[in-house]
Amino acid sequence: MDQQYSRYIRILDTTLRDGEQTPGVSLTLDDKIEIAQQLDKLGVDVIEAGFPSSSEGERRVVKEIKKLGLNSQICALSRCTKKDIDAALECDVDLIHIFIPTSSVQMKHAVNMTPEQVMSSAVESIQYIKKHGVKCEFSPMDATRTEKSFLHKICQEAQDAGIDSLNVPDTVGCMIPRTIFELFKELKSFLKVPISAHCHNDFGLAVANSLAAVEAGADQIHVAVNGLGERAGNAAIEEVVTTLLVVYGYKTNINTRLLYTTSRLVSSLSGVSVQINKAIVGENAFAHESGIHTRGVTEHPLTFEPISPELVGRTRKLVAGKLAGTRGIQVELNEIGIYPNEAQLTEIVQRVKELGDKGKMITDADLIALTSAVMGQVIGEEKIVDLCDMAVITGLKVLPTASVRLTFDGKEHVAAETGVGPVDAVLKAIQKLTNNLGKIKLSEYRLEAITGGSNAVAEVIIKVEDEKGNIVSARATREDIVMASVEAMINGINKCLLKNRNQGKKQ
Ligand code: KIV
Ligand code: ZN
């Protein structure tokens with residue numbers, strides 16, 4: 001280990017197992033393979049790939065992931081039964097993670113077993129796994145609500161039976177940092193095997209509790225991308241890893257620059273969007289609006305950022321709004337190659353504030369349009385991508401389908417797509433065509449009716465994001481929702497391409 005780090009903390013990622021237990025999430029085999037490959041690139045020590053006994057499909061997933069020959073170790077979850085363990089063994093995994101309830105409430109009401117039955121089941125299962133020469137991590141489920149003397153006893157017996165590591169699940173997330181610290185200190189005082197923490201986020205403390213466990217000597221943390229998992233989820237990998245590195249100065253094997261891409265991939269495949277203000281990977285995590293902040297970060301990023309966005313694969317974003325300062329707006333415009341003079345800049349800022357005071361969200365495209373008006377020039381109107389024509393079909397017993405014809409790169413391109421509705425179909429068709437242009441994807445879609453009635457004017461606000469993490473917002477207002485959506489999308493794509501093209505260019 002490098003001299004500069006005093007400890008190495010192992011990371012077990014359970015996005016594909018506990019993460020998939022997120023209500024409403026269901027990943028296909030291909031999704032799981034893509035996520036496993038990304039987790040491997042990210043550098044996680046262990047990928048918990050699934051629960052083989054739960055279904056034939058799940059068994060296939062774990063087998064296929066194991067066959068990829070990744071650097072990360074592949075782990076399968078199993079109950080303490082021969083049938084479950086055999087299913088895990090059949091997948092040829094490196095590690096089997098077995099669990100059994102140990103709290104009174106779960107022993108009685110979840111599995112209807114006595115403490116003696118739980119003990120013997122755990123010990124026999126560990127011995128069975130070890131007899132097959134496979135590594136075993138044991139979880140006394142609901143450990144943090146388990147009667148202390150029974151918890152100590154089962155951990156000791158599990159160690160004597162040959163486990164390679166012990167996991168301490170805070171199954172219903174009821175610990176606080178002080179109590180989990182004390183629990184880990186106790187277990188560390190008599191156990192020799194490495195210990196993991198598996199913290200759930202029911203009270204929003206999963207990350208804090210995982211870090212407290214590390215302070216008390218935990219060797220490994222169970223995490224999931226974007227904090228996915230049962231109920232309120234597990235500890236978020238991006239938060240745990242970045243804090244370990246930056247705040248504690250501890251090493252993990254994670255390439256932090258891939259954290260954001262990984263978050264985006266998991267969000268898009270799982271369909272669970274990341275809250276805007278989530279640490280590290282939320283849209284606003286490196287966004288600044290108020291004058292004092294934008295001035296500060298452009299002078300010296302450490303004024304209002306604890307880490308550089310690049311460390312986690314992100315870029316800084318300065319946002320135009322009623323609190324915005326001149327400097328922030330100037331930087332935002334310069335980034336897309338627009339250089340107003342001082343008087344023009346003052347006028348632009350004034351107009352942004354007026355709109356903000358009226359409660360209007362100012363999209364990036366609005367800022368450019370407003371700047372064009374102030375500077376008396378047509379700016380940012382260059383249509384790198386232009387719509388030639390489009391058609392949508394929808395109806396009863398008809399799969400909504402759209403075809404679009406766009407021009408870019410001096411050529412015409414045509415694509416058709418189906419969707420859950422006409423807007424979905426048409427936006428998918430556009431993205432199919434523009435996928436190669438900086439991998440721009442729709443990241444947010446908002447529809448509002450400005451007037452009432454069936455002929456209401458609809459306002460569509462979209463956000464698109466490119467592969468560099470640039471996020472650009474645009475709006476369009478029309479009576480036809482499909483046309484408003486297409487116009488906003490093409491507008492956003494053009495502004496994003498413009499931003500990308502001018503990034504780093506100076507006047
Ligand atoms: O939260 C939990 O207790 C679990 C077990 C399967 C370890 O996920
Ligand atoms: Zn769990």
Side-chain angles (χ1 to χ4, degrees), residues 10-23 25 44 46-55 58 62 75-81 84-85 87-88 93 95-111 113 118 121-122 125-126 129 135-147 150-151 154-155 158 163-175 180 183-184 187 193-207 209-210 213 218-237 240 270 272:
R10 282 170 63 84
I11 299 295
L12 180 148
D13 183 280
T14 185
T15 309
L16 296 177
R17 198 278 297 170
D18 216 321
E20 211 205 7
Q21 288 172 224
T22 307
V25 170
V44 305
V46 185
I47 296 173
E48 188 163 53
F51 190 178
S53 75
S54 65
S55 72
E58 187 74 353
V62 179
C75 165
L77 184 72
S78 163
R79 284 170 297 191
C80 286
T81 65
D84 267 38
I85 298 169
V93 288
L95 171 71
I96 300 182
H97 171 200
I98 53 163
F99 70 98
I100 193 158
T102 50
S103 64
S104 305
V105 65
Q106 288 200 356
M107 285 193 289
K108 184 152 183 239
H109 298 289
V111 288
M113 286 169 89
V118 164
S121 216
S125 301
I126 295 161
I129 294 170
K135 285 202 172 125
C136 175
E137 175 154 307
F138 171 64
S139 281
M141 185 153 84
D142 208 10
T144 54
R145 292 191 301 171
T146 297
E147 201 229 316
F150 185 59
L151 181 65
I154 200 163
C155 292
I163 53 169
D164 297 275
S165 51
L166 173 83
N167 177 45
V168 180
D170 184 21
T171 303
V172 296
C174 59
M175 289 275 102
I180 203 153
L183 177 62
F184 269 74
L187 295 171
V193 290
I195 310 188
S196 302
H198 176 107
C199 297
H200 277 275
N201 204 31
D202 298 70
F203 291 100
L205 291 171
V207 171
N209 287 338
S210 304
D219 306 277
Q220 177 172 271
I221 303 295
H222 284 202
V223 292
V225 177
N226 298 336
L228 289 184
E230 280 279 1
R231 306 181 309 282
N234 288 81
I237 187 169
V240 167
S270 65
V272 179

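FYI, the numbering just counts along the sequence from 1. Please read all numbers here as calculations on a predicted model, not as lab measurements. As the structure lists them, so they are numbered: ligands from 1, and atoms in each ligand from 1.
Contacts of H198 with ligand 1, taken as heavy-atom pairs under 4.0 Å, involve the side chain alone. Here R79 has no heavy atoms under 4.0 Å from ligand 1, in either its backbone or its side chain.
Inclusion of H200 in the first shell of the Zn ion (ligand 2) is supported: an N, O or S atom falls under 2.8 Å. Residue contact annotation: D18 places an N/O/S atom under 2.8 Å from the Zn ion (ligand 2).
The shortest heavy-atom contact between T102 and I154 is CG2-CD1, 3.8 Å.
Using a 3.5 Å distance cut-off with no hydrogens or angles, the side chains of S196 and E137 do pair a donor with an acceptor.
For atom 5 (C) of ligand 1, the closest non-hydrogen atom on the protein side is M141 SD, 3.9 Å.
The pair K135-D164 does not meet the salt-bridge criterion, since no charged nitrogen lies less than 4.0 angstrom from a carboxylate oxygen.
Under the salt bridge (charged side-chain N to carboxylate O under 4.0 Å, His left out) criterion, R10 pairs with no residue at all, not counting sequence neighbours.
Proximity of H97 to ligand 1 is established by a heavy-atom distance of less than 4.0 Å. Not a single heavy atom of E230 sits less than 4.0 Å from an atom of ligand 1.
Note on H198: its N/O/S atom closest to the Zn ion (ligand 2) is NE2.
Within ligand 1, the atoms closer than 4.0 Å to a non-hydrogen atom of S139 are 7 (C), numbered from 1 in the order shown. Residue contact check: H200 has heavy atoms under 4.0 Å from atoms 1 (O) of ligand 1.
Not one N or O on the side chain of D142 forms a donor-acceptor pair closer than 3.5 Å with the backbone of P101.
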Trace of the side-chain contact (heavy atoms from CB on, under 4.5 Å) decision for M175 with F203: CA-CA 9 Å; M175 289 275 102; F203 291 100; over 6 Å; no
Candidate pair H200 and H222, rule ring pair (Phe, Tyr, Trp, His ring centres under 6.0 Å), full reasoning: CA-CA 10 Å; H200 277 275; H222 284 202; 9.8 Å; no
I98 and C136: CA distance, side-chain angles, deciding distance, side-chain contact (heavy atoms from CB on, under 4.5 Å) verdict: CA-CA 7 Å; I98 53 163; C136 175; 3.9 Å; yes
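On a distance-only criterion, R17 and ligand 1 share at least one N/O pair closer than 3.5 Å. Taking any N or O of T171, backbone or side chain, at least one lies under 3.5 Å from an N or O belonging to ligand 1.
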